[in-house]
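Accompanying notes for the structure given below.
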Amino acid sequence: MRLAERYARVSRFPSGFIWVAAVRHGNSGEMQQREEKQLEAATESLISRVAHLKNALQSFIYKLEHEYERLTWPSVLDNFALLSGQLNTINKLLKNEKTPSFRNQVIIPLLLSPDRDEDLAKLTEQRVPVFSHEIVPDHLRTKPDPEVEEQEKQVNAEAARIGPDVAQKQIQTLNKLCSNLLEKLNNPREDRDSENAAMRQNKQSFNPADTNALVAAVGFGKNLSNTMQTKCRPPGPVAPGHPGQGPMMTGGPTLQQVTIGGTPSHQGAIGGPVAPQQPGQPGRGVGRKREARVEYAGLGRKWMFIRCWRV
Amino acid sequence: MEAPPVTVMPVTGGAINMMEYLLQGSVLDQALESLLHRLRGLCDNMEPETFADHEMVHLLKGQQGQPFLLRARHSLSSPTDPWHLRYLGQPEVGDKSRHALVRNCVDVATSQSLPDFLNEMGFRMDHEFVAKGHIFRKGSMKVVVSKLWRVLVPGNTENTEPLSLSYLVELSVLAPAGQDNVSEDMRSFAEQLKPLVHLEKIDPKKHT
């Protein structure tokens, strides 16, 4: 697009290469000097603050690009907090009464040349090597982008449309929400915990009985022993009053806990000759059957076969 | 071959005597998601690891007193991994102020023929279960959230049913004996999981 149009889009002043400077309304020489001094001081401090911000941004970007594997969320939050603090100080500086209004000042490019300017390059850390026609519209612009301007106009129209009372009510609601939230966050932990505990009574996230059951299961196999044993208990010609029973019952406490109902199913293995009442797991097969065979040989093989089949 | 209490004669064998510090708790199925989220935030940043293990507990009954317990564990999700044999001693009855359950622990990796070997040695399988869940790590602390499944037909790990509606949460650290700051660290970590889960030391002998 033509250069003149470009200038017209980015500046509030009429297009063309002749720019009118904003005139300070007839002040005396003294006041002019004082204002100049103020302007200079304000510009200096603004430059230093912006330099701080630039450094903070630079280090943050470096960290994000090179150390992202080791970066933790709290340190990212710290960086953002630093940037926000610096922006805040810049804002405060601009709002300061001692700062003259920068809007009244105009920057006029006095000389544009396509040649490389070493001083400028050094000043701007090689970012602006040439002060030419291309960089001036971007660096000296006073208006926002056309799209942004459109959006700003829309938002302003919306704000004007809803009327002052509705706007006031919305502001009040927002303030109330913020203060509620702040209060909740600032209150001491105990207050919060007590009301939360009351709220959580009906939404228990763990069951102590389950905890005990699980720990017992993992610790010594409570309720985990094979269900086959309880099913395969023969109506047993084997007398319950077997003399071997006595010592079996008093075998360590862990053994009794292992089986459901406390029936001495495993304890047949303690003493070889003492026969088990139940056949036990088929996996253990061989040893057991051998014992049984020894014991009941007297009863006849037929009974014994029946017993094995029940297994 | 009796298991003596650990304070009298720790298991030696030329290696450092390792103790397991343990805190246990449970969480209902509904609250599992929030617990996993919290653990993912609190623990070291690694890919969430799930596991499915089949554990068999073998007993060797001596002539007198307590039987000797050995735990054989193998992974159902990666069957070629070595089996894991573990001995856990009796909980140390030190001072009551210690916050975690401390017991002697010996871990050995073995080949696939472990159950047969134990059978030949004279051990009998007492009970077995399947544990499936997630494992997290924070420094040297290990958090295991697992659901226990009862094996209905012995030896058949396909046919299982859940033991309860909760997941078991265990916080454990393996450390040499005598380091009490470990239990302090565990306690502060357990504080961060409240009130979702209450991790505490539960004496396994005290069954309710």
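Both backbone and side-chain heavy atoms feed into the values below; hydrogens, waters and symmetry mates do not. Residue numbers begin at 1 in each chain, while the letters A, B, ... track the order of the sequences. None of these values were measured; they are calculated from a predicted model.
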- Note on the structure: Residues A/F220 and B/D126: closest non-hydrogen pair is O-OD2, 4.5 Å

- Message: Please check if the number of heavy atoms outside B/E158 that lie under 6.0 Å from its CD is greater than 12.
- Response: no

- Query: What part of B/L196 is in contact with chain A, defined as an atom under 4.5 angstrom from a non-hydrogen atom: side chain, backbone, both or neither?
  - Reply: both

- Message: Applying salt bridge (charged side-chain N to carboxylate O under 4.0 Å, His left out) as the test, list every pair that has at least one member in residues 54-66 of chain A; sequence neighbours left out.
- Response: A/K54-A/E125

- Query: If you take all heavy atoms of A/F206 and B/V27, which pair is closest and at what distance?
  - Reply: CB-CA, 4.0 Å

- Note on the structure: To the nearest 0.5 Å, atom CG of B/L199 lies from atom OG1 of A/T211 at 9.5 Å

- With sequence neighbours left out, which residue pairs that include part of residues 159-170 of chain B fulfil the salt bridge (charged side-chain N to carboxylate O under 4.0 Å, His left out) condition? B/R150-B/E161

- State the OG-CG distance between B/S164 and A/D210, to the nearest 0.5 angstrom. 4.0 Å

